[in-house]
Number of protein chains: 2
Amino acid sequence: MTPQTIKVACSNCNLRELCMPVGLLPSELDRIDDIVATRRKVKRRETLFHSGERFTSLYAIRTGVFKTRVATEDGRDQVTGFQMAGEIIGLDGIVNDHHTCDAVALEDSEVCVMPFDRIEELSREITSLQRHVHQIMSREIVREHGVMLLLGGMRAEERLAAFLLNLVQRLHARGFSRSELVLRMTREEIGSYLGLKLETVSRTLSKFVTDGIIEVDNRHVRIVEPGALHHIVTPAVC
Amino acid sequence: MTPQTIKVACSNCNLRELCMPVGLLPSELDRIDDIVATRRKVKRRETLFHSGERFTSLYAIRTGVFKTRVATEDGRDQVTGFQMAGEIIGLDGIVNDHHTCDAVALEDSEVCVMPFDRIEELSREITSLQRHVHQIMSREIVREHGVMLLLGGMRAEERLAAFLLNLVQRLHARGFSRSELVLRMTREEIGSYLGLKLETVSRTLSKFVTDGIIEVDNRHVRIVEPGALHHIVTPAVC
DNA sequence: CGGAGGGTTGACCTTCCTCAATTATTGTGG
DNA sequence: CCACAATAATTGAGGAAGGTCAACCCTCCG
């Protein structure tokens with residue numbers, strides 16, 4: 001390591017407004033730097049952790065996109081989420097000291113490894129970190145409520161519209177376009193997440209194109225009529 | 001309050017093996033008693049908290065059963081869970097200081113009110129409490145993964161079989177029968193939770209009865225062939 | 001250039017939903 | 001305590017949404 005090596009640190013990370021350090025004072029920021037023990041690169045299709053593996057750390061995504069999935073013995077699986085830069089994964093492992101889902105990189109990615117006992121140690125001292133950890137877990141619970149609403153009651157068009165709006169909103173929060181996005185996942189993975197078959201995802205996207213709501217070129221999607229998507233998710237309140 | 005009044009306390013609560021005090025030393029138990037500020041009775045159909053309300057406390061269920069539900073503007077709603085004695089509700093409120101779901105009592109119930117800032121305060125001092133709070137939240141995340149699997153990929157019979165097995169297993173952990181249960185919720189509420197219409201719930205229960213897997217007398221269910229239910233949830237692994 | 005993985009589209013079928021009628025149960029006021 | 005209303009549950013018939021199976025195309029790579 002040369003003296004010029006940029007220190008692995010939250011304090012100079014451009015994701016600090018989205019990630020672990022949210023709401024911390026500068027003095028506290030220095031201390032949270034200690035949490036990030038190492039970084040780890042994960043290549044496309046590789047897993048960051050998998051079900052059954054011992055839980056040691058939470059991971060903050062620095063670059064790239066992941067999917068998390070749970071599986072049953074009989075081979076079915078369900079994508080439980082797609083995570084991008086600044087988001088925290090691994091929370092499932094806390095309860096039984098073992099992960100209960102897989103995290104798979106959808107593109108070459110990098111994460112910050114945050115040993116959980118260090119997080120607990122530090123959050124005993126830094127109140128705002130403690131609060132933030134609680135908020136991250138609560139946010140995940142609330143997000144999953146939203147997915148349950150989607151899976152439990154919405155029709156295919158509604159699910160897909162909600163999915164696209166959610167993705168583009170999160171990308172926009174990261175400085176990307178409000179109307180264009182590149183899907184990092186296959187139609188099958190989208191379908192698994194939304195409780196649909198890949199053919200239905202494909203057909204529904206085609207229908208949106210026909211209706212002039214979006215433009216699709218393979219993985220590239222342009223949202224032409226965001227209002228129409230919103231309208232599909234929230235039918236007219238007459 | 002007469003001297004004979006039983007103190008509101010975890011240390012003499014018969015749910016302490018299931019609830020907040022799990023894994024605490026006797027000396028720590030005394031301190032956690034301070035968390036439980038008050039108890040609160042909630043009558044059937046009344047809400048413990050509702051969406052939009054300011055978040056102040058977590059609630060440990062002492063007696064009774066609750067449902068939690070999220071709602072959309074256009075009137076649809078989704079039951080996100082059924083909670084019983086020893087379980088903690090209110091975690092959804094942490095992230096934005098406001099609740100995002102309703103908690104409704106399905107029968108006359110009583111909860112222990114645990115102000116969240118007291119929990120945070122104490123869990124800075126008591127490591128095992130800190131860990132336990134994290135586990136409770138992680139458990140909820142993992143539970144919701146299971147619901148997503150159910151909603152995303154299973155058919156009606158599988159959903160209902162999984163539901164019955166889950167209920168009876170939790171009741172058994174509380175000292176009730178391994179094979180008999182009383183449904184505290186309507187067919188419609190079950191349907192909402194499972195992403196099915198009430199007619200489908202009713203029909204599927206009837207089919208289980210015809211197949212000799214269960215016996216149903218209105219809200220009372222007797223599981224005659226638990227193996228068959230398991231087999232429905234996990235199709236033969238050939 | 002050729003193969004594998006990913007995506008689209010069509011035809012048909014299954015599952016579950018919708019609508020409706022009927023019965024059972026629970027709750028309430030006289 | 002009974003009668004009646006309101007709520008909950010069952011069951012049937014018909015229909016719609018999405019699944020299944022299959023053929024075909026595209027595109028990205030080695």
Side-chain angles (χ1 to χ4, degrees), chain A residues 43-45 65 67 75-79 104 106-108 150-164 182-211 214-221 232 235, chain B residues 43-46 65 67 75-76 78-79 104-108 150-164 181-211 214-221 232 235:
Chain A
K43 284 215 164 327
R44 191 158 117 88
R45 288 170 213 270
V65 179
K67 68 172 175 185
R76 283 185 287 196
D77 68 350
Q78 168 77 25
V79 171
V104 183
L106 297 181
E107 59 183 21
D108 294 356
L150 185 145
L151 291 173
M154 293 187 177
R155 282 170 314 99
E157 289 186 25
E158 300 173 311
R159 295 184 198 198
L160 209 52
F163 173 73
L164 291 174
V182 175
L183 300 171
R184 252 65 239 217
M185 65 295 287
T186 66
R187 304 290 192 263
E188 185 168 25
E189 288 164 333
I190 296 172
S192 172
Y193 181 57
L194 299 179
L196 302 170
K197 293 292 152 183
L198 67 95
E199 294 94 331
T200 305
V201 173
S202 183
R203 266 186 256 272
T204 307
L205 285 175
S206 298
K207 176 164 189 309
F208 286 170
V209 172
T210 305
D211 295 351
I214 62 175
E215 290 166 7
V216 176
D217 178 15
N218 201 24
R219 299 276 180 106
H220 189 104
V221 177
I232 288 169
Chain B
K43 283 217 166 326
R44 190 159 119 86
R45 289 171 212 270
E46 287 181 359
V65 179
K67 69 172 176 185
R76 284 185 286 197
Q78 168 76 25
V79 171
V104 183
L106 298 181
E107 58 183 19
D108 293 356
L150 185 145
L151 291 173
M154 293 188 177
R155 283 169 315 100
E157 290 187 23
E158 299 174 311
R159 295 184 197 197
L160 208 53
F163 173 73
L164 291 175
L181 64 154
V182 174
L183 301 171
R184 252 64 242 218
M185 65 293 287
T186 66
R187 304 290 192 265
E188 185 168 26
E189 287 164 333
I190 297 172
S192 172
Y193 181 59
L194 299 178
L196 302 170
K197 293 293 153 183
L198 67 95
E199 294 95 329
T200 304
V201 173
S202 182
R203 267 187 255 273
T204 307
L205 285 175
S206 298
K207 177 165 188 309
F208 286 170
V209 172
T210 305
D211 294 351
I214 62 176
E215 290 166 6
V216 176
D217 177 16
N218 199 24
R219 299 276 180 104
H220 189 104
V221 176
I232 288 169

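- Among the protein residues, B/G153 comes within range of no part of the nucleic acid, since none of its heavy atoms lies under 4.0 Å from any strand.
- Going from atom CZ of A/R45 over to atom C1' of D/dC29 covers 12 Å, rounded to whole Å.
- Expressed to the nearest 0.5 Å, how far CG of A/N218 lies from CG of A/L183 amounts to 9.0 Å.
- Atom CD in B/E157 sits about 13 Å away from atom C1' in C/dT14, given to the nearest Å.
- The B/T186 side chain lies nearest to D/dA8 when the options are D/dA8, C/dG7, D/dT20.
- Each of C/dC17, C/dG7, D/dG19 was ranked by its minimum atom distance to the side chain of A/L196; first place goes to D/dG19.
- Between B/E199 atom CD and B/E188 atom CD the span is 9.0 Å, to the nearest 0.5 Å.
- Computed from coordinates, the B/L198 CG to D/dT11 P distance equals 13 Å when rounded to whole Å.
- Atom CE in A/M154 sits roughly 23 Å away from atom P in D/dA16 (whole-Å rounding).
- Within 4.0 Å (heavy atoms only), B/G195 reaches sugar-phosphate atoms of the nucleic acid but no base atom.
- Nearest nucleotide to the A/V216 side chain, out of C/dT8, D/dT11, C/dC16: C/dT8.
- As rounded to whole Å, 15 Å separates atom C1' of C/dG27 from atom NZ of B/K43.
- Residue B/S206 is the one, among A/V201 and B/S206, whose nearest nucleotide of DNA chain D lies closer to the 5' end (criterion: closest heavy atom).
- The CG atom of A/L194 sits 9.0 Å away from the CD atom of A/Q78 when rounded to the nearest 0.5 Å.
- Among the nucleotides D/dT11, C/dT25, C/dT9, the one closest to any side-chain atom of A/S202 is C/dT9.
- A donor-acceptor contact under 3.5 angstrom links the side-chain atoms of B/E199 to the base of C/dC19.
- Under 4.0 angstrom from either OP1 or OP2 of D/dT10 there lies no side-chain N or O belonging to B/N218.
- For the pair A/R187 CZ and D/dC26 C1', the interatomic distance rounds to 12 Å; values are reported in whole Å.
- When each of C/dG7, C/dC16, D/dA9 is scored by its nearest atom to the side-chain atoms of B/R155, the top-ranked nucleotide is C/dC16.
- Look at CD1 on B/I190: it is 12 Å from P on D/dA8, rounded to the nearest Å.
- Rounding to the nearest 0.5 Å places CZ of A/F208 at 5.0 Å from CD of A/E157.
- At a cut-off of 3.5 angstrom, counting only N and O atoms as typed in the model, there is a donor on one side and an acceptor on the other between the side-chain of B/R203 and the base of D/dG12.
- Of all heavy-atom pairs between B/V201 and B/L160, the closest is O-CD2, 3.7 Å.
- Rounded to whole Å, the distance from CD1 on B/I214 to C1' on D/dT10 is 14 Å.
- Side-chain proximity of A/R219 to C/dG6, D/dA8, C/dG27: nearest is C/dG6.
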